[in-house]
Asks: 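This is the structure I want to talk about, given as structure tokens.
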Amino acid sequence: MTVNLLGFGRRELALYCATLGEKPFRAKQLLHWMHQSGAADFSVMTDISKVLRERLSVEAAIDGPTVVQDTVAADGTRKWLMDVGTGNAIETVFIPETSRGTLCISSQAGCALECSFCATGRQGFNRNLGVAEIIGQLWWANKCLGAYDRAKGDIRAISNVVMMGMGEPLANFDNVVAAMQLMLDDDAYGLSRRRVTLSTSGLVPAMDRLRDACPVALAVSLHAPNDALRNELVPINKKYPIRELLAACVRYIEKAPRDFVTFEYVLLDGVNDSVAQARELAETVKSTPCKINLIPFNAFPGSGYLRSKPDAMARFRDVLLHAGLVATTRKTRGDDIAAACGQLAGQVRDKTRRAARRVIAQTARESQSVSEVVQ
Ligand code: SAH
Ligand code: SF4
């Protein structure tokens, strides 16, 4: 069996080279070729001896993702659907802007956390992605966007990475951290910690581990001003309520590359978008150094929610601004190709049988309401 070197970090590559009787500096050469030149083949690695290249071609591989669909939205947002085997597919999204390009990367096939307004959460969960599958999304996007084409100069199409695609990155901690370490490694992608953002729904113990292992910029999906509503929208809140979550944010900031965390707040019509809720939110976060990113809800079939009206969104933001908070409204990108936040659904073979459980619950509710009517 061949080993896939794409997901190997500096240390693993050095260990692997040692097993071949090679010096550790080979690891650096391999990192450069794979991640700075986009090599998919050992034969191009001209500073490595022919004998070693031939041996690597037999015993190792550089296996990138299997891309099954490539779609470009009217606003230039680009989405790749990648087959990750056994009937599962994940999505990666590139968002070009005038002064930067952001790649939104998936960490799991599906998600086990069941946030009520999220298409990925609705699908159920199949499995964690491996390191090669996570870093392979950046490797592939760079290739597609021509960033490896030296003739065109240093293009750097991707200046920022956000771990905000399908899945909860902190529920796949080791693989996500290993992939992010490659993003930060100067011999691989060389991104600064400020330009890599991880978004979490709030797995408190893992936030503490991240602070010690790889403190990148942090975004936290808050979405509600109090526990009662957050329990409904983001069910992991029942395990790690807002007070504990905010304390973890403050601990995180001690080591973070920025002196604030970003709170994400998706605005759902009539659910969490009132003026009173904006005031309550301002009160809730007042002791946590933060910026608030208001996200217009992106619809998907059967979501059961509506996007807040533009005036409600503006009022909500103004209340936060008046309270002295920094609040911005996120521009929706790529929604015509279902590439916007929360619309990523790829294809997931749900091992949690969530869809089946939902049907059973629905049927139970319906038969209960029928019996109420009959009585
Ligand atoms: N699991 C992580 C990261 C992936 S989701 C997390 O929950 O933070 C990335 C962001 O998109 C999160 O803030 C999430 O709450 C938000 N999101 C999910 N569904 C959405 C939808 N339908 N419309 C807008 N944003 C959504
Ligand atoms: Fe999972 Fe994030 Fe979607 Fe919640 S919002 S279900 S944590 S991907």
Side-chain angles (χ1 to χ4, degrees), residues 90-93 95 102-129 134 137 161-173 176 180 196-204 206-207 210 216-224 229-240 245 248-249 261-269 271-273 290-308 313 328-335 338-346 348 350 352 354 358:
I90 53 127
E91 293 177 323
T92 307
V93 179
I95 306 139
T102 304
L103 191 72
C104 179
I105 289 186
S106 294
S107 56
Q108 300 183 307
C111 182
L113 295 184
E114 304 195 54
C115 299
S116 60
F117 50 84
C118 171
T120 310
R122 285 285 175 95
Q123 283 185 307
F125 175 71
N126 187 275
R127 70 171 174 86
N128 283 333
L129 298 183
I134 301 170
Q137 297 171 60
V161 168
V162 292
M163 299 300 302
M164 290 189 188
M166 294 167 67
E168 167 49 54
L170 292 185
N172 183 13
F173 190 89
V176 164
M180 293 197 306
V196 176
T197 301
L198 181 143
S199 173
T200 179
S201 56
L203 305 189
V204 166
M207 287 166 66
L210 184 71
V216 294
L218 185 70
V220 172
S221 294
L222 195 55
H223 306 313
L229 183 57
R230 194 164 190 267
N231 285 347
E232 234 178 77
L233 302 178
V234 186
I236 194 68
N237 192 69
K238 292 177 203 152
K239 198 159 178 196
Y240 306 115
L245 178 60
C249 290
V261 292
T262 302
F263 288 130
E264 293 158 288
Y265 194 103
V266 60
L267 285 162
L268 304 164
D269 182 37
V271 175
N272 65 353
D273 65 347
C290 67
K291 285 191 179 171
I292 301 185
N293 197 199
L294 300 171
I295 313 175
F297 170 65
N298 293 309
F300 55 90
S303 73
Y305 292 106
L306 292 173
R307 182 179 286 188
S308 298
M313 288 201 237
T328 50
T329 309
R330 191 181 289 177
K331 213 170 136 218
T332 294
R333 298 288 306 259
D335 53 347
C341 299
Q343 291 182 317
L344 301 186
V348 174
D350 181 16
T352 61
R354 181 168 311 156
R358 192 174 301 119

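Both counts, for ligands and for their atoms, begin at 1 and track the order of listing. Residue indices begin at 1 and follow the sequence shown.
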Asks: Looking at Ser201 and Leu113, what are the two nearest heavy atoms and their distance?
Replies: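 Where Ser201 meets Leu113 most closely, the heavy atoms are OG-CD1, 3.3 Å.
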
Asks: Below 3.5 angstrom, do we get any N/O pair linking Gly167 and ligand 1?
Replies: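 Yes.
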
Asks: Looking at Gly121, which atoms of ligand 2 are within less than 4.0 Å of one of its heavy atoms?
Replies: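 This gives 6 (S) as the contact atoms.
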
Asks: Would you mind running through ligand 2 and noting each atom that sits below 4.0 Å from a heavy atom of Ser201?
Replies: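 Within the 4.0 Å cut-off of Ser201, ligand 2 contributes 7 (S).
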
Asks: Within the distance-only criterion (no hydrogens, no angle test), does the side chain of Arg122 pair as donor or acceptor with the backbone N or O of Gly302 below 3.5 angstrom?
Replies: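 Confirmed, Arg122 side chain pairs with Gly302 backbone.
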
Asks: Decide yes or no on side chain to side chain contact (heavy atoms under 4.5 Å, CB included) for Asn272 and Phe117, but give the supporting numbers first.
Replies: CA-CA 12 Å; Asn272 65 353; Phe117 50 84; over 6 Å; no

Asks: With heavy atoms under 4.0 Å as the rule, classify the contact between Val266 and ligand 1 as side chain, backbone, both or neither.
Replies: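 The answer is the side chain of Val266.
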
Asks: Pick whichever of Asn298, Val162, Val234, Leu170 has a heavy atom sitting closest to atom 23 (N) of ligand 1.
Replies: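 Minimum heavy-atom distance to atom 23 (N) of ligand 1 goes to Asn298.
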
Asks: Measuring from non-hydrogen atoms of Gly165 to any atom of ligand 1, is the shortest distance under 4.0 Å?
Replies: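 Per 4.0 Å heavy-atom rule, Gly165 contacts ligand 1.
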
Asks: Which residue and atom name correspond to the protein heavy atom nearest atom 1 (Fe) of ligand 2, and how close is it?
Replies: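 I find the closest protein heavy atom is Cys111 SG, 2.3 Å.
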
Asks: Would you say Cys115 has an N, O or S atom lying under 2.8 Å from atom 1 (Fe) of ligand 2?
Replies: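 So Cys115 does not count as coordinating atom 1 (Fe) of ligand 2.
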
Asks: Could you identify the single nearest non-hydrogen protein atom to atom 3 (Fe) of ligand 2 and state the distance to 0.1 Å?
Replies: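 Closest protein heavy atom to atom 3 (Fe) of ligand 2: Cys118 SG, 2.4 Å.
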
Asks: How far is atom 2 (Fe) of ligand 2 from its nearest protein heavy atom, and which residue and atom name does that atom have?
Replies: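 Looking only at protein heavy atoms, the one closest to atom 2 (Fe) of ligand 2 is Gly167 O, 4.4 Å.
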
Asks: Any idea which atoms of ligand 1 are less than 4.0 Å away from a heavy-atom of Ile295?
Replies: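 So the atoms of ligand 1 that pass are 24 (C), 25 (N).
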
Asks: Does one side chain, of Glu168 or Thr200, offer a donor that lies under 3.5 Å from an acceptor on the other?
Replies: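 Yes.
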
Asks: Within the structure, does Phe117 bring an N/O atom to less than 3.5 angstrom of an N/O atom in ligand 1?
Replies: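 Yes.
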
Asks: When you measure from atom 10 (C) of ligand 1 to each heavy atom in Gln108, His223, Glu264, which option holds the nearest one?
Replies: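 Nearest option to atom 10 (C) of ligand 1, by heavy atoms: Glu264.
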
Asks: Tell me which one of Met166, Met164, Arg122, Arg307 gets a heavy atom nearest to atom 5 (S) of ligand 1.
Replies: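 Among Met166, Met164, Arg122, Arg307, the closest heavy atom to atom 5 (S) of ligand 1 comes from Met164.
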
Asks: Which bit of Leu113 gets closer than 4.0 Å to ligand 1, counting heavy atoms only: side chain, backbone, both or neither?
Replies: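 For Leu113, there is no contact with ligand 1 at all, from either part.
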
